[in-house]
Amino acid sequence: MLENRAIRRYERRITPIERLFTHSPYSTVSMVARIRGTVSENMLWNALTKVRQRHPNLRVRIIEDEDGQPWFTSEGAGEISVQVVPREAEDSWISVVQASCQIPYDFEVRPAIRFILVQSPTTSDLVILCHHLLCDGLSLAYLARDLMVHLGDPAREVELLPDPVPITIDNMPQALSVNPIVRFLIRRLNRKWEAEKMIFDQQDYLELNHAYWTHFRHRMLPVELSKAQTLALVHRCRENEVTVNSALSAAFLGAQSAVQGARRHQASIGIAASLRDRLQHPAGEGMGFFAGVATLNYRYDGNRGFWDSARRFHQKVRPLLTDKILFADPLLWCYLEPSILEAINFKKLGGLVPEDSPRHEKLAAFAAQDDTVLAVLKRDKMESLDTITMGTAVTNLGRLDLPSQYGALELERLIMKPGGAFPLVNVNLVLGAATCAGRLSLLVEYVEENVESATMEKIRESALGFLLGEQDLREGA
């Protein structure tokens, strides 16, 4: 598949932060590129061949060294999965994404990414699904742009990117440090784990993946704003001196409160932010995981007007978007024994594996034992699948400065599903947002075991009512 023999071999150890996602059944980031014009399977293969040369992470599989440490290597990595299915309706991509997210990855064989072209003669949705080990949301936005470049101009030469420099202690802002007492406690946890350590493999992952998707049903509700609606929202945000991100967050906080009533978890919210430009070696447009999160508690006051609430939320969240806060968890993970992070998924989900599974005894016993991994989860009150620990998680890629025209093809919009580091059942609502070609696209993801779809549809409509007002909703329909 790779035509350029000058492409150098790529190999590096997987970082502790990346190992948090290892063997995670639910950590798939998805991007849907809506394309106007004709896209064939051959065109897609040609473009993919080019972007594999540009992005090292598209050429890697996972191996282990003699000490059992996982590495990315381009040596022996197989071809990426490409599939073409008919676009039978405007929303055909939804069922495609939902089904494909449940398919496990062959981490040891090929790159943990797949492409599905939902095709029609005049309009196609290019679906990119990639494990968080290899990417964040911005990674897939840049990747979609790069694919469009080569779809629109098949003869164009590839512009190679440098090898990505991942997030490590040495690449974080220099002023960051961990309290000596905390480091002492982490060392003690690491020593305790050495006596308890459990190692998991691909077969364990396959059985965990099957168990997770048997028990939980992820659902998605899209919102595709027109250019006029997007402009109206941006104008309202400027008038009220808030960012679009703060307005979106406040709207879905308020909508959940209005529709579901006051609930304990609703005040907890996580706001994702890019760390790319905060690193000592900025990540630029390369693929990789370069994201952090700020968490806060904000109780929406239904007695106030929406824009007053949005301003109050904005004033509370803005001071939190600092290096110290956004790098807080990644910094701690760098000191924690990485196999603890790898074991978190098995601790939380191992009890779901059925008794007739060959790995039931191993995984169920590990999930039940009181150990270091459980202590780590209890610290963040995330040891149970029965508790919603966060009301809203928001990932907004912002206004992406991408061209809309690529030869005869037009990129109409990008739709992003964030994925996550922890089970969606612990979150009431995840919101993904991206603005491309002047159009804001939202995607609400939730677990049907937590919220009925009819209720979530009411939350979506209530949030849009806050953001746009009923008149703009009718005019943009």
Side-chain angles (χ1 to χ4, degrees), residues 12-25 27 62-72 107 132-133 165-202 204-205 208 275 279-280 288-293 295 323-351 359 362-385 389 420-423 426:
R12 69 166 174 85
R13 181 175 289 185
I14 297 176
T15 69
I17 295 168
E18 291 165 333
R19 288 175 69 174
L20 175 67
F21 298 106
T22 304
H23 297 138
S24 172
S27 296
I62 296 176
I63 59 171
E64 289 187 355
D65 62 20
E66 61 274 11
D67 298 320
Q69 301 300 311
W71 288 65
F72 287 135
F107 294 108
H132 243 324
L133 265 171
V165 180
I167 299 178
T168 61
I169 291 176
D170 293 336
N171 197 22
M172 292 183 189
Q174 292 182 344
L176 299 179
S177 64
V178 175
N179 183 293
I181 296 176
V182 174
R183 291 180 66 173
F184 169 78
L185 294 173
I186 291 175
R187 286 196 296 270
R188 192 167 69 177
L189 275 175
N190 290 341
R191 287 194 297 269
K192 185 173 184 289
W193 173 245
E194 282 300 319
E196 308 166 336
K197 185 183 293 186
M198 181 75 72
I199 302 299
F200 302 97
D201 60 19
Q202 178 73 7
D204 294 323
Y205 158 68
L208 199 73
L275 305 181
L279 300 170
Q280 293 188 48
F289 179 73
F290 302 104
V293 65
T295 58
D323 288 347
K324 182 177 180 180
I325 291 175
L326 293 175
F327 282 94
D329 283 339
L331 184 59
L332 290 178
W333 295 339
C334 287
Y335 286 95
L336 203 63
E337 162 56 41
S339 57
I340 295 176
L341 298 171
E342 289 182 334
I344 285 176
N345 290 316
F346 294 94
K347 175 63 65 178
K348 290 181 70 72
L349 305 178
R359 297 293 174 90
K362 172 186 178 181
L363 299 181
F366 177 74
Q369 72 184 27
D370 187 356
D371 59 13
T372 303
V373 182
L374 183 62
V376 171
L377 287 170
K378 282 184 174 180
R379 187 198 70 134
D380 295 323
K381 300 179 180 179
M382 292 193 65
E383 71 274 16
S384 173
L385 293 172
T389 56
F422 301 101
N426 291 135

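In this chain, residues are counted from 1 in sequence order. What's counted below: heavy atoms across the whole structure, side chains too, no hydrogens, waters or symmetry copies.
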Verdict with supporting geometry, Leu279 and Phe327, side chain to side chain contact (heavy atoms under 4.5 Å, CB included) = CA-CA 10 Å; Leu279 300 170; Phe327 282 94; 3.8 Å; yes
Side chain to side chain contact (heavy atoms under 4.5 Å, CB included) between Thr22 and Ile62, intermediate numbers included | CA-CA 10 Å; Thr22 304; Ile62 296 176; 5.9 Å; no
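Between atom CD1 of residue Ile63 and atom CD1 of residue Ile14 there is a gap of 9.0 Å, rounded to the nearest 0.5 Å. To the nearest 0.5 Å, atoms CG (Leu189) and CZ (Phe184) are separated by 10.5 Å. Here the CE-CD1 distance, from Met198 to Ile340, works out to 14.0 Å after rounding to the nearest 0.5 Å. With rounding to the nearest 0.5 Å, the separation of CG in Leu275 from CG in Leu326 is 6.0 Å. Once rounded to the nearest 0.5 Å, the distance linking CG of Leu374 with CD1 of Ile344 reads 11.0 Å. Annotation: the span from His23 atom NE2 to Leu133 atom CG amounts to 9.0 Å, rounded to 0.5 Å.
Looking at residues two or more places apart in sequence or on another chain, you find a ring pair (Phe, Tyr, Trp, His ring centres under 6.0 Å) between Phe289 and Phe21, His132. Every residue two or more places apart in sequence or in another chain was checked for a salt bridge (Lys or Arg N to Asp or Glu O under 4.0 Å) with Lys378, and none qualifies. Listed by chain and residue number, Lys192 satisfy the salt bridge (Lys or Arg N to Asp or Glu O under 4.0 Å) test with Glu196 (two or more places apart in sequence, or in another chain). Residues forming a ring pair (Phe, Tyr, Trp, His ring centres under 6.0 Å) with Phe200 (at least two apart in sequence, or on another chain): Phe346, Phe366. Applying the salt bridge (Lys or Arg N to Asp or Glu O under 4.0 Å) test to Asp323 and every residue at least two apart in sequence or in another chain returns Arg278. The side-chain hydrogen bond (donor to acceptor under 3.5 Å, both in side chains) test applied to Ser27 returns Ser24, not counting sequence neighbours. For Glu383, there are no side-chain hydrogen bond (donor to acceptor under 3.5 Å, both in side chains) partners two or more places apart in sequence or in a different chain. Take Thr15 and apply the side chain to side chain contact (heavy atoms under 4.5 Å, CB included) test, not counting sequence neighbours, and it matches Arg12, Ile17, Glu18, Pro166, Thr168. Phe422 pairs by the ring pair (Phe, Tyr, Trp, His ring centres under 6.0 Å) definition with nothing, not counting sequence neighbours. Under the rule for a salt bridge (Lys or Arg N to Asp or Glu O under 4.0 Å), Lys348 has no partner lying at least two apart in sequence or in another chain. Residues passing the side chain to side chain contact (heavy atoms under 4.5 Å, CB included) test with Asp65, sequence neighbours excluded: Arg13, Asp67, Gln69, Trp71.
Taking every heavy atom of both residues into account, Leu349 and Leu208 meet most closely at CB-CD1, 3.6 Å. Residues Ile199 and Lys362 share a closest heavy-atom pair of O-NZ, 3.0 Å. Counting all heavy atoms, side chain and backbone alike, Pro16 lies closest to Cys334 at CB-CA, 4.2 Å. Lys347 and Val373 make their closest contact through CB-CG1, 3.7 Å (heavy atoms, listed as atom of the first residue, atom of the second, distance).
When atom types are taken as modelled, the side chain of Asn426 and the backbone of Ser384 share a donor-acceptor pair closer than 3.5 angstrom. A distance-only check finds no donor-acceptor pair linking the side chain of Gln280 to the backbone of Pro173 [under 3.5 Å].
Ion pairing between Glu194 and Lys197 holds under the 4.0 Å rule for side-chain N and carboxylate O.
Among residue pairs with one or both ends in residues 329-345, those qualifying as side chain to side chain donor-acceptor pair (under 3.5 Å) are Arg19-Glu342, Tyr26-Asn345, Trp193-Ser339, Glu337-Ser339; sequence neighbours excluded.
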